[in-house]
Amino acid sequence: MDKQLIVRGVTRMEFKRFITYLIPWFILLGIGLYAMYLVFRYGLNHTNMDNRFAFGLWIYFDLAIIALGAGAFFTGLLLYVFKRHEFKSVINSAVVIGFICYSGAIAALVVDVGQPLRAWFTLYRPNAHSMLAEVTFCLTLYLFVLAVEYVPIVLKNRKLKQIPSFLVFEFKLHTFMPILAGIGALLSFFHQGSLGGMFGVLNGQPFAFRETVFVFPSTFFLFVLSAIAAGPSFVLLTTWIVSKISGKRVVTKNVFMSLGKISGILLIVYVLFKSIDSLIWLNKTSPAVGFSAADHYGFAPFGIWILSVEIIVLGLIPGLILISKKLRAKTPWLLTGAVLACAGVALNRFVTTIQTLSLPTLPFADFLTYVPTWEEVAIFLMVIAYGVIVYSFSFRYLPLFPQERELNRR
Amino acid sequence: MFPWVHEFRWEIGHLIFTGGFALVLVAILTAITLVFKKVYQIYKRRQVEKILWQATFEDFPSQTRTCRHAISGVLKQRVCNNHFECGACAVHKQLIEHGIPEKVLAAAGDYGNMEIFGLNIPLDRMYHRGHTWVKQDDEGNYLVGLDDFGKRLIGKPEEVVLPEIGSRLYANGTAWKVKRGKADTRILSPVDGEVLETGDDEKGWYLKIKPAADNSDTSHLLKSGKEVKAWFMKELERLQFALASDGIGVSLADGGVLIDDLPKSHPDADWDGVYGEMFLEP
Amino acid sequence: MDTRNKIKSDNRKHPRYGMVVDLDRCKGCGSCSIACAVENNQQPATPDMNNRTGVTWMRLYKVHNGEPFPDSRAVFVPMFCQQCDDTPCLYVCPQNAVELDPMTGIVAQIPERCFGCRYCMAACPYEARYFNWWDPVWPEGMEKTLNPDVSPRMRGVVEKCNFCHGRWQKARAKAAAEGRRELREDEYVPACVESCPMGALTFGNLDDPDSKVSKLVKDPDTFKILGQFGTKPKVYYRTTRSWVRRAVNRDVYSEKKEKVHG
Ligand code: SF4
Ligand code: SF4
């Protein structure tokens, strides 16, 4: 039965081995589900968040995986709208990753809010001025789009495609992909941006507050830029990891290099704007309300080093590595660049959420630290485990990499 | 968000916000509705088999999609993007109108007899790229059978599921199904028509088909000896390639003759994968 | 919005309630906190809670001058929702759970709409918002102390000071019964103001030039905490001691810019 479901002409590990390899992930999933039960049953006191540290690990995690998940829409945009056909070989995988990232983020959000059952109210009667309302709208719609994009991949499963109506449906749905990719790009632009805007509008948090550029705070655009810069790198990394774990070549080298190149170019643009933004913020926006750089970076461990690491080590350097044709051609460099790029966006999201809340605004309030509880960590790991499991099953039973069959002939 | 909801305000910001999202939602839903509508139309117009073939075709690697004129050497290089429906292909039409294939093939010299690795390839019939042949009998009906290459690939099948008499077949749609060991595949029908009679290996043909009144196009079939031979050469190459995916050095020929029952002589190869390649069902 | 439309149609001038906290009078006794908790049915603290997870709409900070022993001084700063006129928490709430009541200028929190995303808590520079991390539990017998005019909140929603909105409604109902539309100054006073034995809290209509608050607000010793953020709080603080002023407010820049009065 199992064999019947696997893509024709490719080999996958024994079913038993496959399940054995997934067991640890299922355990993590189970622990996470238990933690989720505790939070739903007894409330958010099972976390270490508090009245001032109102956002914690989960919000940080949401922001980070949504940024990394940007690879899905961006690859789709490049393939279907800009007709970069080389990305056909990773689009399915990118869509699955995007779906995992977004559904995982939404799962974490559902645990994170106090009364998840009331969330529909945002859709029914939103506060149009709230960045979070915009995020909610775009996320909901985009997850729907991702699900619609996932469907054709599922229908291409060997057994499922033998049902004629499924395949016909898949074929016709596929003709609408450019439209869906366009819509996906629009929605992603707005929610990636609004996630940044969410913090940029906080005039009560001088660490987060930024000047307005065309209606939105500058972080709106910086978040979009950093997400599309890191997205391709994340697709590159996951693809590489998949090919290492499965021991197969799944795409040709030039696809890796194209992904790296795009990441690199965007990263350089991002670093440029991020630096300008930081300078304006440190010299104008923030002093105007009585906060100097020392007020933001005077508390250990969040010294000014964190800004330099973000901009130089995890921004400029991977950017330069990835735009250099020579370096990018060497796999270790390519991977280093991609890892640094992803780490850079993760650090940026960390600073935006955690550091903002650590810093005091009231002159007599303290600098705070926060350490997540095991429940918070467990739910964080649960989402990762969920991702690994969904991806593993998809890789086993769905044609994620159309080039795989050809590339593995000797 | 909605005008009837308590405290709705007719403000520009509000309208842009909710209007924008309503538009996006409508666009997505319209797209999905259109898909359903198209699927419905396909069923109504009985184009299912055609669409299934087109959907399958999309998944072929470019090797498999090589144009027949590139195989025969008339064109240097060409990947088919017409689902092997030569009747609908502008390039094919032009080439035929100017008689170019004949000229090129004539210039290519004589191919000698049609023995390739001992394959029996009679030229009194037309060949389909899914390894079936079609031959018109005296009454004008089509006899359809598996070509020698296909026969040797399948060897002695455990199971053959033939279509019911009276059922309608479509060119490039499923004609019948075979199962050999762990591998199975469907055999594509070379022509449109109604099944009159079913045969078997003994008879040498599997189906007798009454040509469809609305479609008797056979331009997608290979007829000329040189073209057929070039194609078989290409198929042997593809077979080598497909078998090589397991890394087993497979010798296909025995004393210059293709082995009769390939799965039997190479039981370890991934015949399922090979069938997918060779019978055009990825 | 029904109320808002009605308000537009009548051109009565509505009060803008505000408060002045006299830091020189506050002795940090905590009466205001207790009065507030009792008045507003705040969930009682349990041993599981700490000073960062409990609900204390009215919170006292003890601020030191940082000098060693003989010169060491401390001041108590009552901190609660500053009723910002340019309301950051209202602006960010996706669920419209925060409203600025045009009838009173009070920033109202509507817990029934709140889904507990806590974005407003991140937005508030005064740390004046409290989340119900626990299911509220009133120990046996204590439920008798519940104020029937204020509905208790459930777990998972945010709440904060609303100048004892329940008291305002009650006072208004009483006035209406007597055929009046306006309230007298002493008719509506929040619980904390009433309870302060030192008279450190002054409450009233900021728009009424004759009210005690509006006179105090004009005093040069009165200032807004973090006024430079532009959130336009309606709660003012006042002190004559310069170290207190420096310790409590970051007015280095704002002094130059807005002269802090007002
Ligand atoms: S003090 Fe905080 S809670 Fe009160 S209105 Fe201002 S931002 Fe909102
Ligand atoms: S926690 Fe409640 S009041 Fe605060 S922003 Fe979220 S929904 Fe609004």
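Below, chain A is the first sequence line, B the second, and so on; all start at residue 1. Note: hydrogens, waters and symmetry copies are ignored here, and every other heavy atom, side chains too, is used.
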Side chain from CB out, backbone as N, CA, C, O: work out which of these in [X] comes under 4.5 Å of a heavy atom of chain A, or both, or neither.
| X | value |
| --- | --- |
| B:L23 | neither |
| B:E281 | both |
| B:T185 | both |
| B:I16 | neither |
| B:Y43 | side chain |

Is the number of heavy atoms from other residues, nucleotides or ligands within 6.0 Å of [atom1] ([X]) greater than 12?
| X | atom1 | result |
| --- | --- | --- |
| A:K88 | NZ | no |
| B:K151 | NZ | yes |
| B:K182 | NZ | no |
| A:F189 | CZ | yes |
| B:M233 | CE | no |
| B:Y40 | OH | no |
| B:E158 | CD | yes |
| B:K177 | NZ | no |

Inset, instruction - To the nearest 0.5 angstrom, please state how far the CD1 atom of B:I28 sits from the CZ atom of A:F176. - result: 13.0 Å
Inset, instruction - Could you tell me the separation between the CG atom of B:L25 and the CG atom of A:L187, rounded to the nearest 0.5 Å? - result: 10.0 Å
Inset, instruction - Show your reasoning for whether side chain to side chain contact (heavy atoms under 4.5 Å, CB included) applies to A:R405 and B:E277. - result: CA-CA 10 Å; A:R405 206 173 359 194; B:E277 288 294 331; 3.7 Å; yes
Would you name the heavy atoms of [X] and [Y] that are closest together and state the gap between them?
| X | Y | value |
| --- | --- | --- |
| B:L52 | A:P164 | CD2-O, 3.6 Å |
| B:E58 | A:F171 | CG-CE1, 3.7 Å |
| A:R8 | B:D184 | NH2-O, 3.0 Å |

Most chain B-contacting option - heavy-atom pairs closer than 4.5 Å, from [options]:
| options | result |
| --- | --- |
| A:L186, A:I183, A:I179, A:V145 | A:I183 |
| A:V168, A:T175, A:V10, A:V148 | A:V168 |
| A:S165, A:P402, A:A133 | A:S165 |

Could you tell me which portion of [X] (side chain, backbone, both or neither) has an atom closer than 4.5 angstrom to a non-hydrogen atom of chain B?
| X | result |
| --- | --- |
| A:F169 | both |
| A:L173 | both |
| A:F144 | side chain |
| A:Q403 | neither |
| A:H129 | side chain |

Inset, instruction - With chain B as the partner chain, list the residues of residues 74-86 of chain A whose heavy atoms fall under 4.5 Å from it, by residue number, and write 'none' if nothing qualifies. - result: none
Inset, instruction - If the plane angle is over 60° it's perpendicular, under 30° parallel, otherwise tilted; pick one for B:F21 and A:F137. - result: tilted
Legend entry - Pair A:K172-B:I42, side chain to side chain contact (heavy atoms under 4.5 Å, CB included): steps then yes or no: CA-CA 10 Å; A:K172 280 295 151 193; B:I42 288 167; 3.6 Å; yes
Inset, instruction - State plainly whether the residues A:R158 and B:D272 are in salt-bridge range, i.e. N to O under 4.0 Å. - result: yes
Legend entry - Derivation and outcome, side chain to side chain contact (heavy atoms under 4.5 Å, CB included), residues B:Q54 and A:L167: CA-CA 10 Å; B:Q54 292 185 359; A:L167 194 56; over 6 Å; no
